[in-house]
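Could you have a look at this structure, given as structure tokens, before my questions?
Protein chains get the first letters and strands the later ones, always in sequence-line order, with residue 1 at the start of each.
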There are 2 protein chains.
Amino acid sequence: MQDSKSDLQILNRFRQLCQRFGIKLTYQRLEIFRVLLSSDNHPSAEEVYERVKEKVPTISLDTVYRTLSTFEQLGLIRKIHGPDDRARFDPNNKKHYHLVCLKCYKITDFEWPELDNLSPPESINSWGKTQNYYLEIRGICKDCLKKEE
Amino acid sequence: MQDSKSDLQILNRFRQLCQRFGIKLTYQRLEIFRVLLSSDNHPSAEEVYERVKEKVPTISLDTVYRTLSTFEQLGLIRKIHGPDDRARFDPNNKKHYHLVCLKCYKITDFEWPELDNLSPPESINSWGKTQNYYLEIRGICKDCLKKEE
DNA sequence: ATACATGCAAAGTTTTTGCAACTCG
DNA sequence: CGAGTTGCAAAAACTTTGCATGTAT
């Protein structure tokens, strides 16, 4: 879900998705979709709300929550829970992991092919059916280190 | 932080910790410490509260929150944020990772030495100073699979 | 037309905070 | 005694929900 396409291309793509999943194409959903597409960071619901409000001033926060939840259920985005107490939403659907800054809570993606290829211990097979990995490396990002001196 | 020692041993150990970190040894803190020691699961603040209340009926939930936060800052426990919306606390200080059930939100520890030994991509060195890994494998646990049939 | 989506307001959850009373060291 | 800790109550922060109105198909 990260591309830089023209408005029309995004519209067509979103229309397709709505049809495929049987949900209605509304202006609110489209603009939320756009905001997610153009996010390099991992916005919280509040941040998505603020950005969508520029285009759709009458949108309400609960619509943003509901839409994000819908998108999550459709597999378009992923909800992530970092050390920050608010949920964040990840529109990057390539296999990747997260660097989380414990000061500013910024989340940065990184890739780690060696981990992708590592098979988990067999012991976990007896636990149940596994679906996906979530890996976070926590620390302090460069910007925050600079501020500390 | 997981042992099964006598009450006296735990008391002495906790007294030591309090002295080392310069915090006062209170009945509330001691009982919270005991509950954490005897937890094989990863209790939420509420769950710790419920269990401590059996011994210290007058304890308040906010004291539990404050104490857990203190313990976390001292490095005695780790706060974890799963798909469940409440924080959970992990008293296991051995290197380990988590299996998280998306149905019942139960968290199970597992070890993965191959991952411990895997060095992360160099690219992340330019990000900042990393402190620790957090890995979750999500799925459905055996019990919940059984309930579904 | 009608089933779905939105906006509003209100409520629900989880966590934090101000403050007076209390307690450990 | 005095700084640190607790309990209470209230508030804050984040998220969800009921319902009437509006809208996409």
Side-chain angles (χ1 to χ4, degrees), chain A residues 11-12 14-33 35 42-50 52-53 55-74 76-89 105 107, chain B residues 11-12 14-33 35 42-50 52-53 55-74 76-89 105 107:
Chain A
L11 173 59
N12 284 332
F14 190 58
R15 175 162 302 157
Q16 251 182 11
L17 287 169
C18 288
Q19 271 166 3
R20 163 140 53 107
F21 292 120
I23 62 167
K24 287 185 179 165
L25 193 166
T26 67
Y27 184 33
Q28 290 87 336
R29 283 177 175 164
L30 174 60
E31 292 307 323
I32 292 172
F33 185 73
V35 164
H42 301 72
S44 65
E46 190 76 37
E47 284 159 3
V48 172
Y49 175 57
E50 290 303 330
V52 173
K53 224 165 40 171
K55 284 233 186 149
V56 195
T58 62
I59 199 171
S60 66
L61 181 56
D62 54 87
T63 296
V64 174
Y65 272 106
R66 271 189 273 234
T67 303
L68 290 172
S69 170
T70 303
F71 285 1
E72 189 202 359
Q73 276 161 30
L74 302 179
L76 267 48
I77 59 177
R78 210 158 50 124
K79 194 174 181 179
I80 56 187
H81 308 78
D84 194 357
D85 279 331
R86 55 179 67 184
R88 291 174 178 278
F89 295 88
Y105 298 121
I107 302 175
Chain B
L11 174 58
N12 284 333
F14 190 57
R15 177 164 309 178
Q16 252 181 10
L17 286 169
C18 288
Q19 272 165 0
R20 164 139 53 107
F21 293 120
I23 62 169
K24 285 185 180 165
L25 193 166
T26 67
Y27 185 34
Q28 289 87 336
R29 284 179 175 161
L30 175 61
E31 292 307 323
I32 291 171
F33 186 74
V35 164
H42 301 71
S44 64
E46 190 77 37
E47 283 158 4
V48 172
Y49 174 59
E50 291 304 331
V52 174
K53 224 166 40 173
K55 283 236 186 147
V56 195
T58 62
I59 200 170
S60 64
L61 180 56
D62 53 88
T63 296
V64 175
Y65 272 107
R66 272 189 274 235
T67 303
L68 291 172
S69 171
T70 303
F71 286 0
E72 190 204 0
Q73 276 159 29
L74 302 179
L76 266 48
I77 59 177
R78 212 156 50 125
K79 194 175 181 179
I80 57 189
H81 308 79
D84 194 358
D85 278 331
R86 55 180 65 184
R88 290 172 178 280
F89 295 88
Y105 298 122
I107 302 176

Side chains of residues 21-30 of chain A: which donor-acceptor pairs under 3.5 Å do they make with residues two or more places apart or in other chains?
unit_1  : atom_1 : unit_2  : atom_2 : d
A/Thr26 : OG1    : A/Arg29 : N      : 3.2
A/Tyr27 : OH     : A/Lys55 : O      : 3.4
A/Arg29 : NH1    : A/Lys24 : O      : 2.9

**OP:** To the nearest Å, give me how far apart CD (B/Glu72) and C1' (C/dT16) are.
**Re:** 14 Å
Original post:
In the 5'-to-3' direction, what one-character label does each nucleotide of nucleotides 7-14 of chain D receive under the scheme B = base within less than 4.0 Å of a protein heavy atom, S = sugar-phosphate only, - = no such atom?
Top reply: BBB----S
List every contact pair, protein side and nucleotides 22-25 of chain D side both N or O, where the distance is under 3.5 Å.
unit_1 : atom_1 : unit_2  : atom_2 : d
D/dA24 : N3     : A/Lys24 : NZ     : 3.4
D/dT25 : OP1    : A/Leu25 : N      : 3.2

**OP:** Measure the NZ-CG distance between A/Lys79 and B/Asp85 for me, rounded to the nearest 0.5 Å.
**Re:**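 A/Lys79 NZ to B/Asp85 CG: 5.0 Å, rounded to 0.5 Å.
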Original post:
For A/Arg15, which residues count as a side chain to side chain donor-acceptor pair (under 3.5 Å) partner, sequence neighbours excluded?
Top reply: none
Subject >> Residue from B/Thr63, B/Asp62, B/Thr70 passing side-chain hydrogen bond (donor to acceptor under 3.5 Å, both in side chains) with B/Arg66 >> reply: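 Among B/Thr63, B/Asp62, B/Thr70, the one that satisfies the side-chain hydrogen bond (donor to acceptor under 3.5 Å, both in side chains) with B/Arg66 is B/Asp62.
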Original post:
What does the inter-axis angle of the helix from C/dA1-D/dT25 to C/dG25-D/dC1 come out as, five pairs per end, nearest 10 degrees?
Top reply: 40°
**OP:** Starting from P on D/dT15, measure out to NE2 on B/His81 and report it in whole angstrom.
**Re:** 12 Å
Subject >> d(CZ, B/Arg29; P, C/dT23) in whole Å >> reply: 15 Å
**OP:** May I have the distance from A/Leu61 (atom CG) to D/dT17 (atom P), rounded to whole angstrom?
**Re:** 14 Å
**OP:** Output yes when a side-chain donor or acceptor of B/Glu47 lies under 3.5 Å from a complementary backbone atom of B/Ser44, and no otherwise.
**Re:**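 Yes: the side chain of B/Glu47 pairs with the backbone of B/Ser44.
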Sort me out a list of protein N/O and nucleotides 20-22 of chain C N/O pairs below 3.5 Å, or just none if empty.
none

**OP:** Please report, rounded to the nearest Å, how far the P atom of C/dT6 is from the CD atom of A/Glu31.
**Re:**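 Checked: the CD to P distance equals 13 Å.
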